[in-house]
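Single-structure report; data block below.
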Amino acid sequence: MKTIGYNGEQSEFIIQTPPTPLATGFDLLVKIEAIAINPADYKVKNSIKTAQDQLRILGWDASGIVEAAGENVSQFSVGDHVYYAGDITRPGCYASHQLVDARIVGKAPKTLNFTQSAALPLTSITAWEALFERLKINPSKDQDKTLLVIGGAGGVGSIAIQLAKKVAGLTVIATASRPDSRLWCMNLGANHTVDHSKDIIEEFAKKSLPAPDYILCLNNTTQYFPTLCKLIAPQGMICSIVETPEPLDLMPLFSKSAGFVWEFMFTRSMHQTKDIEKQGFLLNKISELIDKGTLKTTLQHKGGKISIKNINQSLIEIEKGQRIGKTVLTTFSGE
């Protein structure tokens, strides 16, 4: 097999050719057909400052074909088409092959190709967990409520808008600052957009929008938190996926009896929680919704083959924060 590992001391990616690992226990050996690039990739990359005995393999979004399965795996067979986000504590998907825990893997949508499927796992798990497990939105009871998505046109926002609108039946307000990102959000199902480059509170007042019952913050929690506290409806809930350098002051939420919760997609795999298999079930549910036509892939940019050059270029573009939807690379080529 081939891998692309990151050397922090030299600040560069390096191709390696380690032996192809054996699948044991709950693991699948997957031949990778496509990977998506995420903010998690450059955040981990930027945290690596020294050389390591084994170069860190990044990447947490992939689709591919099962080549082997461990003795504890019963839900997959050799030849199955799968997709997954993986485990941040294990080697990632910048590789030709990868070992991944079968319990956090789903069968890829039948109506999508590998490139389209690879755009979905990490963001779908994040959005689903944030909406239905952290914010505890109930699709059968909460159709009269409103969700504000901070960063609607990004990877997580793009699937969160669809889930909130088409699965939960909420009124969805998304932030977007450019004509193309506003159009993208509206086409995904957002009822309204507000410009986050302006004062969001003034934008709400100008458009006579209701105070949101739920807020999903997908960008710069520290910057937006004071605004979110002012906007949230009494007894509402805020969820963020972006860590903060300093503790948040929750007191502004006190008089509203409002709450705040974090969503971190890697919690189940990192802590080997008793319900770890829920991520596999969740991905299978996303596949069903895709194949029914309820949801659609958020693929927006094809970055070429899986190579050092294309990974570097994609990471630069993702870190700028201007990309709409997801960026996917296909077929390992190395250099």
Side-chain angles (χ1 to χ4, degrees), residues 38-40 60-61 75 83-89 100-107 120-152 154-174 188-189 212-219 221 225 228 232-233 235-244 248 250 253 257-290 294-295 298:
N38 289 288
W60 294 280
D61 246 346
Q75 68 271 46
Y83 70 150
Y84 55 89
D87 179 346
I88 203 167
T89 68
V100 60
D101 191 319
R103 295 171 294 181
I104 58 173
V105 174
K107 292 189 177 180
L120 291 166
L122 185 147
T123 53
S124 295
I125 294 171
T126 301
W128 186 286
E129 290 183 348
L131 295 175
F132 303 125
E133 298 183 16
R134 311 299 175 232
L135 294 173
K136 300 188 184 304
I137 295 170
N138 187 329
S140 65
K141 296 180 179 179
D142 293 329
Q143 295 96 335
D144 61 336
K145 294 185 177 179
T146 299
L147 168 74
L148 169 63
V149 180
I150 303 292
V156 178
S158 295
I159 195 70
I161 289 171
Q162 296 183 70
L163 288 171
K165 181 65 179 180
K166 298 174 183 178
V167 175
L170 302 184
T171 297
V172 180
I173 304 166
L188 291 174
D213 302 285
Y214 307 104
I215 299 177
L216 178 56
C217 181
L218 307 175
N219 191 357
T221 305
F225 194 70
L228 307 187
I232 192 69
Q235 304 182 90
M237 283 292 296
I238 301 169
C239 178
S240 178
I241 69 168
V242 183
E243 65 272 31
T244 61
L248 295 170
L250 300 181
L253 299 175
S257 296
F260 176 84
V261 66
W262 293 109
E263 159 59 18
F264 183 53
M265 192 225 71
F266 296 110
T267 294
R268 284 186 164 116
S269 56
M270 176 180 286
H271 297 282
Q272 290 291 293
T273 60
K274 292 180 180 179
D275 64 350
I276 188 173
E277 73 280 351
K278 278 193 174 182
Q279 288 198 339
F281 297 152
L282 189 163
L283 287 173
N284 287 335
K285 181 63 176 177
I286 293 294
S287 289
E288 291 176 15
L289 291 168
I290 290 283
T294 304
L295 304 178
T298 55

Those residues that, when tested against K285, pass salt bridge (charged side-chain N to carboxylate O under 4.0 Å, His left out) (two or more places apart): E288

Partners passing ring-ring contact (aromatic ring centres under 6.0 Å, His included) against F281 (at least two apart in sequence or in another chain): none

Under 3.5 Å: donor-acceptor pair, side chain of N284, backbone of K107: yes

G157 versus V149, closest heavy-atom pair with distance: CA-CG1, 4.1 Å

T126 vs L218 side-chain heavy atoms within contact, under 4.5 Å: no

Within-4.5 Å side-chain heavy-atom neighbours: I241 and V156: yes

Residues that K145 engages under salt bridge (charged side-chain N to carboxylate O under 4.0 Å, His left out), provided they are two or more places apart: D142

Heavy-atom side-chain proximity of F225 to L250 below 4.5 angstrom: yes

Residue pair V100 / G86: nearest heavy atoms and the distance that separates them: CG2-CA, 4.1 Å

Side-chain heavy-atom pair T123, S158 within 4.5 angstrom cut-off: no

Atom pair CD (Q272) and CG (D87), whose distance is rounded to the nearest 0.5 Å: 7.0 Å

Within 6.0 angstrom of K278 NZ, more than 12 heavy atoms from elsewhere: no

Closest heavy-atom pair and its distance - A160, L131: O-CD1, 3.8 Å

N38 side chain to A40 backbone, donor-acceptor under 3.5 Å: no

Chi angles and distances behind the side chain to side chain contact (heavy atoms under 4.5 Å, CB included) call for F260, I215: CA-CA 9 Å; F260 176 84; I215 299 177; over 6 Å; no

Heavy-atom pair of closest approach, residues P212 and I232: O-CD1, 3.3 Å

Side chains of M265 and W60 in contact at under 4.5 Å (non-hydrogen atoms): no

Side-chain heavy-atom pair I104, Y84 within 4.5 angstrom cut-off: no

Distance in Å, L295 CG paired with Q162 CD, rounded so as to fall on 0.5 Å steps: 5.0 Å

Student check: side-chain heavy atoms of L228 and I150 closer than 4.5 Å: yes

Side-chain (S124) to main-chain (P121) donor-acceptor, under 3.5 angstrom: no

Closest heavy-atom pair and its distance - V242, W262: O-CZ3, 3.1 Å

Atom pair CG/CG of L148 and L170 - distance to nearest 0.5 Å: 12.0 Å

Beyond-backbone contact of L283 with L120, side-chain heavy atoms, under 4.5 angstrom: no

Residue pair I137 / A168: nearest heavy atoms and the distance that separates them: CG2-CB, 4.0 Å

Partners passing salt bridge (charged side-chain N to carboxylate O under 4.0 Å, His left out) against D213 (at least two apart in sequence or in another chain): none

Candidate pair I161 and L147, rule side chain to side chain contact (heavy atoms under 4.5 Å, CB included), full reasoning: CA-CA 9 Å; I161 289 171; L147 168 74; over 6 Å; no

Inter-residue atom distance I125.CD1 - D61.CG, 0.5 Å rounding: 8.0 Å

No-hydrogen, no-angle side-chain donor-acceptor test under 3.5 Å, S240 and T221: yes

By salt bridge (charged side-chain N to carboxylate O under 4.0 Å, His left out) - contacts of R268 (at least two apart): E129, E133, D275

Spacing of CD1 belonging to I238 relative to OH belonging to Y214, to within rounding of 0.5 Å: 13.0 Å

With sequence neighbours excluded, residues passing side-chain contact (heavy atoms from CB on, under 4.5 Å) with A130: L216, C239, E263

